[in-house]
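A short write-up of the structure that comes next.
Below, all heavy atoms of this structure are taken into account, side chains as well, without hydrogens, waters or symmetry copies.
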Amino acid sequence: GQPLYPGIDGAFGPLADVIVEPATTPSPAVELTPTTPWRPAYLRDLTDLPSSNISENLVVALINNGPRDLTLNGKRFGGFVDPANSSTYLNKMKIGTVQEWRIQPSGTHPFHMHVNPMQLHSFPASSNYGNWWEVGDFHDVVRLPWGGGATRVRFYIDRYPGNIVLHCHILRHEDLGLMAASIAEW
């Protein structure tokens, strides 16, 4: 059905009618000039970056030990981070560095990290979900492969210092503790 919206008198009715008619004269073809778009630093291609330029290689394990026992690297998120206590953070990262994380799921989880877009570096070929995931793609949420198999992502820590939240993007899993925080520092 057509969506209905309240009118001035409070009665519901169509918002608008759209009428499409064919053009009376054809539009001329326009030749487009090929271009390479400028990318901000946090979206630069990191796929061919030598390992020597990677600041940190971190393993992130999303562990499902049962429906109410979900942890990230063996820890259930306690609900807060204490800047004076580094053990409340998953890790500390320097701004201006490139990170490579190996994300190991047990089961499939959509992994989300705030602030920094992740570039897919490697993942099991059988887990591309219909070519949605390709090496070199940038994603905000990475759906991890079903039944295991690690996914590697790389990302650039741009100019924003502070806490970075990372978690399973299934709200119930996040609420049960499958999340953590990292911190970016100058």
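- Hydrophobic clustering of Ile, Leu, Val, Met, Phe, Trp and Tyr side chains at less than 4.5 Å, counting indirect connections, unites L70 with I103.
- Side-chain contact between M118 and W101 is absent, with no heavy atoms from C-beta onward closer than 4.5 Å.
- Clustering ILVMFWY residues whenever any of their side-chain heavy atoms sit less than 4.5 angstrom apart, transitively, puts L176 in the very cluster that holds V60.
- Minimum heavy-atom separation, R102 to A150: NE-CB, 3.2 Å.
- Between the D82 side chain and the A84 main chain, a donor and an acceptor come within less than 3.5 Å of each other.
- Here the closest non-hydrogen pair linking V141 and H112 is CG2-ND1, 3.5 Å.
- Under a hydrophobic clustering in which Ile, Leu, Val, Met, Phe, Trp and Tyr are joined whenever their side-chain heavy atoms come within less than 4.5 Å, directly or via other members, M113 and V115 fall into the same cluster.
- Checked by atom type and distance alone, the side chain of N73 pairs as donor or acceptor with a backbone atom of A61 at under 3.5 Å.
- The shortest side-chain heavy-atom distance between M93 and S55 does not fall under the 4.5 Å cut-off.
- L166 and L72 make their closest contact through CD1-CD1, 4.1 Å (heavy atoms, listed as atom of the first residue, atom of the second, distance).
- For the pair W186 and R159, the minimum side-chain heavy-atom distance is below 4.5 Å.
- Smallest separation of non-hydrogen atoms from A181 and F77: N-CE1, 4.4 Å.
- Rounded to the nearest 0.5 angstrom, F111 CZ and L62 CG are separated by 6.5 Å.
- Residue-environment remark: CZ (R44) exceeds the threshold of 12 foreign heavy atoms within 6.0 Å.
- For T47 (side chain) and G136 (main-chain N/O), no donor-acceptor pair under 3.5 Å exists by modelled atom type.
- Summarising the geometry of R76 relative to G177, their closest heavy-atom pair is CG-CA, 3.6 Å, with the distance given to 0.1 Å.
- Using a 4.5 Å heavy-atom cutoff, the side chains of F123 and V135 are in contact.
- By the criterion of side-chain heavy atoms lying less than 4.5 angstrom apart, applied directly or through intervening Ile, Leu, Val, Met, Phe, Trp or Tyr residues, L90 is grouped together with V142 in one hydrophobic cluster.
- At a threshold of 4.5 Å between non-hydrogen side-chain atoms, the residues T97 and E56 do not count as touching.
- In summary, the aromatic rings of H173 and H167 are positioned with their centroids too far apart to meet the 6.0 Å limit.
- Looking at V153 and L120, their side chains come closer than 4.5 Å, going by heavy atoms from C-beta outward.
- Taking 4.5 Å as the limit, every side-chain heavy atom of L46 sits out of range of all side-chain heavy atoms of H121.
- A donor and an acceptor atom, one from each side chain of Y89 and N163, are located under 3.5 Å apart.
- Contact detail for F155 and P117: the closest heavy-atom pair is CB-O, 3.3 Å.
- Taking CG of N57 as the reference point, atom OG of S51 lies at 7.0 Å (rounded to 0.5 Å).
- In this structure, CD1 on I164 lies 10.5 Å from NE2 on H114, to the nearest 0.5 angstrom.
- Remark: D69 CG to L178 CG distance equals 10.5 Å, nearest 0.5 Å.
- Here NZ of K75 is found 12.0 Å from CD1 of I63. Values are rounded to the nearest 0.5 Å.
- V81 and M179 fall within the same hydrophobic cluster, defined by Ile, Leu, Val, Met, Phe, Trp and Tyr side-chain heavy atoms under 4.5 Å apart, directly or through other members.
- The distance from atom CD of Q99 to atom NZ of K94, rounded to the nearest 0.5 Å, is 11.5 Å.
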